[in-house]
Amino acid sequence: MPIISGAKGGIAVRDLIQIAPAVFRSWMEDKNVADLIDSIRQAKKLRDAGVLTEKESQEHIARLKQDRVDELELNRQLKEYLEKEYSEKKARLKRCLPYITYMAYFENDIRNNANAIPTGLYIMDYDHEPEPETFYNTLIKGRETELAIALVHVTPSGEGLRIVACMPPGMTIPEAQAWMGEQLGRMDYDKAVHDLARASFMFRKADLLYYDEELLFCEDLEAELARRGIVLTAERHEEAPVTPVEAETAAATTAEPSGSTKTYPDTFQGVPYADIAYRLLTANGKKEPEVGERHQRLLWLAELMRYICGNDEDWLLQIMPTYGLPLEEMKGIVKWACAQPMRPQRPKVLEQALHPRPEEEELPELPKKLPGLIRLVVMNTPDFQKAAVAPSVFPPLATHVDKVYFPYIDGKWTGLGQMTLLVASSSSGKSCVNTPIDYIMADIRARDEENRRIEQAWKDEVNTKGANKDKSKRPKTCVQWMEPDMTNAALVQRLMDAEGRFIYLRMDELKMFDALKGNTKTESQHNIICLAFDESPYGQERAGTMSVSGKPNLRLNWNASTTPRQAKLYFRDKLIDGPLTRICCCTIPDQGIGADIPVYGTYGEAFATELRPYIENLNSLSPGRMECPEAYDLAKRLNAECQERAKKTQSRAYDSFRKRAVLIAYRKACLLWLANGQRWEPEIEDFVRWSLQYDLACKMRFFGREVELALALEAAETPVISSGRKRSELLARLPQEFTFDDLVRARQDEGQSAEGAMNQLKQWKTRGNVEMVTGDTYKNATFRKCI
């Protein structure tokens, strides 16, 4: 059953049969609303004298005559000015109207196709119909039952006719529309009206031509039609579109021939232009333009498409959708778009359309049978957080292994270092990993406390002696658990003190890693991630006798947490430079609004006792080289599986991630084998395979699109556009009328934060660049619109 909503979305009247018809009737009988729609029609008088008085008109013509423009040109300009004023006022008034969705109602009151539940109705729009009543009386009246029509009315503009009818069995919306068009002998209907989420503006009672209340608000249309003895036996229309992109292309149509005899390609890099236009217009969940925004959206589309059409007007006219606009208006849009200056690089949003995000797959579920150690560490964790805890315990486990190396399938020997990043939304429970980590690191922390006490006692002794007094040497102490605010010099000192052992770092927020950057302007914190993965030498050379100087191997394990947005910002300039591929990613799924508070199990001595044998197995290892044939063979198989998947998906991002992800999984297999007393279990293989798939799925979910674009730009030898774009260029990217949310999205597309949007908007208002239209809508005063 249809849903009636307010002009700004409002609160929808849900599918209550008792309420919806009453609301529908009261709307049509509302005199105030009828007066509002009358004002739309009265606005047509602007063409004659509704905007300009006689005196103003004469003054306007006189000024133009002074510019030596002939009388014919003056009349044309005046007419266009009046038409523009009329169109803008009509659009503003239409935005005040409530709307009704005839073809679907929606879960969670979110009006989009993903949440749409079909009602069994479809709509037909005949636009620019000068005499809609005559159309109805001549072609429809008396055939409503035969054609299963529920509603016919004149559209609010007064120049269109809308038909709401029941779907013939087995047909799609475009097919049903084509069938109805054949029955009426009028195929000039609006073919863009095929989305389930399509909204129709309400109308006044005087515009109602036919109304079957029972059929319009029926809960079971098939049963109602059967009760009435109505049988729709229509064959499918041969020309009906069958795929989303084809349907969009057929509904949009392209402009008529411009008169040029030149032929142009209809694909770019093997992708049809129609598909590229569809991706651009449907970005961020948007669908085809509404009648009041066609010029704005098509102008934006033309400005983007010209980058891959040689800025050629005739080429653009050939491949641009029109959504019902006449050829002359399309020519004006294309002409204006091609006259604008072009950037050296293609816009980012166009690159994303050319290289769309790989299809986001579901995160794999944790195996039911787990290795003993993993089963123990996740046993007290709520089910939806277990997949985040399982990979997060490997960095602390690896910290117990002292200089042990295993052969890898590339012919080299690898250490067992681990770095895990938990990416999840705020208040999702990211701290769930902390308690298992605390128990795993308990023995190291106890040893660290004693070593810190010895070190502090030495510092106190040194500080009490004068500069010329003999001072004792710095004691040899090893502190493996570092605090997140350590400096670069402290890191080098701890690595030297560790004498080859791993040190460990846990950060509640990934940005804490920036403390290692020190006072330098280099991005050393990203270099540390790369060097730590390979256990490469790292340090600093200083001349001072009191300065830390040395270059030990960087053996660092760490855990960090962050939100998806902060993760993208942190790595946005290093997407393909190595740090991201060396990290294991995990996440916590969103539990939705109103979810229950997670309940955790009890940790205590019993848990510590059960964990102790695994930790002792790791602590008892002697430095050196070891081999685990089962883990080695598993790595070969996992690598082959990932290779096959990369070839199948043809995703550069996946291919980039999978190479080191297999190595990370191999290291986990070796760690589990060591912790299990060097005994292999089938559960280890199942878990390691899941861990690899889960790691890759998380990376593709959070970084796949960005990495895909960066790799494509690198392959084309095109530099990535800096986020420091001028504000004037950002304003130029926005439409003539935009909302605060539009500005936030535009800033985020450029890599800027959402927090600065309000200050930027205030600056624009102060400088006169934008004007407020409503409480949340602004007008771009610098926007040059095509007339």
Show the atom names and distances, to 0.1 Å, of all donor-acceptor pairs under 3.5 Å that link a side chain in residues 499-508 to residues at least two apart or in another chain.
{"residue": "Arg501", "atom": "NH1", "partner": "Ala498", "partner atom": "O", "Å": "3.2"}
{"residue": "Tyr504", "atom": "OH", "partner": "Asn559", "partner atom": "OD1", "Å": "2.7"}
{"residue": "Arg506", "atom": "NH1", "partner": "Asn434", "partner atom": "O", "Å": "3.3"}
{"residue": "Arg506", "atom": "NH1", "partner": "Asp438", "partner atom": "OD1", "Å": "3.0"}
{"residue": "Arg506", "atom": "NH2", "partner": "Asp438", "partner atom": "OD1", "Å": "3.4"}

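- Between Arg637 and Glu641, no side-chain nitrogen of the basic residue sits less than 4.0 Å from a carboxylate oxygen of the acidic one, so the salt-bridge criterion is not met.
- Judged by distance alone, the side chain of Lys430 and the main-chain N or O of Ile588 form no donor-acceptor pair under 3.5 Å.
- Formation of a donor-acceptor pair under 3.5 Å by the Lys668 side chain with backbone atoms of Ser691 is not found in this model.
- In summary, the side chains of Gln480 and Arg445 do not present any donor paired with an acceptor at a separation below 3.5 Å, with no hydrogens or angles considered.
- In this structure, Asn380 contributes its side chain and Thr602 its backbone to a donor-acceptor pair below 3.5 Å.
- Using modelled atom types, one side-chain atom of Arg375 and one backbone atom of Leu370 make a donor-acceptor pair closer than 3.5 Å.
- Figure legend: Arg645 and Tyr654 shown as a cation-pi pair, the cationic atom lying under 6.0 angstrom from the six-membered ring centre and within 45 degrees of its axis.
- A salt bridge does not link Arg689 to Asp686: none of the charged nitrogens lies less than 4.0 Å from a carboxylate oxygen.
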Identify every side-chain donor-acceptor pair in residues 530-537 under 3.5 Å, counting partners at least two apart or on other chains, and give the distances.
{"residue": "Glu535", "atom": "OE1", "partner": "Tyr405", "partner atom": "OH", "Å": "3.1"}
{"residue": "Glu535", "atom": "OE1", "partner": "Arg555", "partner atom": "NE", "Å": "3.0"}

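- For Asn617 and Asn676, the side-chain atoms include no donor-acceptor pair closer than 3.5 Å.
- Ser428 contributes no side-chain N or O that, together with a main-chain N or O of Ala424, makes up a donor-acceptor pair within less than 3.5 Å.
- For Glu706 and Lys568, the salt-bridge test passes: some basic side-chain N is under 4.0 Å from an acidic carboxylate O.
- Panel note: side chain Trp690, backbone Pro364; a donor-acceptor pair is recorded below 3.5 Å.
- Residues Arg701 and Thr587 bring no donor and acceptor atom of their side chains to less than 3.5 Å of each other.
- Arg625 forms a cation-pi arrangement with Trp413, by the criterion of a distance under 6.0 Å to the ring centre and an angle within 45° of the ring axis.
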